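A quick write-up on the structure given underneath.
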Amino acid sequence: PAATTAAATMAEFDFPSFFEYPPYFTVQPTPETQRKQAELWKSLILRYCQHRRMFVLNLDEDAHPLFSNPRISRKLTLDARRFFVDEL
C-alpha cells in the first residue's frame with residue numbers, strides 16, 4: 001500500500017527532469033552549483049506542496065515521495081532535506 005501511494009503521488013505530480021539525475025540528491029560542494037541546486041529544490045518543494053495542498057512537511061520521513069526517487073534508488077539525507085527547506 002505505501003509503495004502504491006508513493007507511485008500514485010508521483011503519477012499525479014509532474015516532477016522536473018532533474019529529479020531523475022542522481023547528483024541532485026546530494027548537496028553539491030561547489031558554491032555556484034549548490035546555489036543552482038538549491039533554487040531547483042526550492043521550486044520543486046513549493047510546487048509540490050502547493051499541488052498537494054501541504055502546509056507542513058515531515059522532514060524525518062525518509063521515504064517521502066518529494067525527497068526520494070525509487071526509480072533511480074536515490075533519496076535526500078535528512079541533512080540535505082533540512083538544508084533545502086532552510087533555503088526557503
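Predicted, not measured: the structure shown is a model, and the values here were computed from it.
Listed by first and then second residue, the ring-ring contact (aromatic ring centres under 6.0 Å, His included) pairs that reach into residues 59-80 are Tyr48-His64, His64-Phe67, sequence neighbours excluded. Residue pairs meeting the salt bridge (charged side-chain N to carboxylate O under 4.0 Å, His left out) criterion with at least one member in residues 37-47, sequence neighbours excluded, are Glu39-Lys42.
With sequence neighbours excluded, the residues that form a side chain to side chain contact (heavy atoms under 4.5 Å, CB included) with Asn58 are Asp60, Glu61.
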Result block: side-chain N/O donor-acceptor pairs under 3.5 angstrom for residues 23-32, not counting sequence neighbours:
unit_1 : atom_1 : unit_2 : atom_2 : d
Gln28  : NE2    : Pro23  : O      : 2.8
Gln28  : NE2    : Thr26  : O      : 2.9
Glu32  : OE2    : Arg35  : NH2    : 2.6

Mind listing the side-chain donor-acceptor pairs of residues 72-83 below 3.5 Å, one per line with the distance, residues two or more places apart or on another chain?
unit_1 : atom_1 : unit_2 : atom_2 : d
Lys75  : NZ     : Asp62  : OD2    : 3.4
Thr77  : OG1    : Ala80  : N      : 3.0
Arg81  : NE     : Leu59  : O      : 2.6
Arg81  : NH1    : Asp62  : OD1    : 3.2
Arg81  : NH1    : Leu76  : O      : 2.6
Arg81  : NH2    : Leu59  : O      : 2.9
Arg81  : NH2    : Asp62  : OD1    : 3.1

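Looking only at side-chain heavy atoms (C-beta outward), Pro16 and Leu40 stay at 4.5 Å or farther from each other. Side-chain contact between Leu44 and Phe13 is present, with at least one heavy-atom pair separated by less than 4.5 Å. Gln37 is listed as a side-chain neighbour of Phe84, based on a closest heavy-atom distance under 4.5 Å.
Residues Asn69 and Phe19 approach most closely at ND2-O, 2.8 Å, considering heavy atoms. Between Ala63 and Ser68 the shortest heavy-atom distance is O-OG, 3.4 Å.
Atoms CE and CG, on Met54 and Leu66 in that order, are 7.0 Å from each other to the nearest 0.5 Å.
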Apply side chain to side chain contact (heavy atoms under 4.5 Å, CB included) to Glu20 and Phe15, showing your working. CA-CA 9 Å; Glu20 299 296 324; Phe15 282 87; 5.8 Å; no
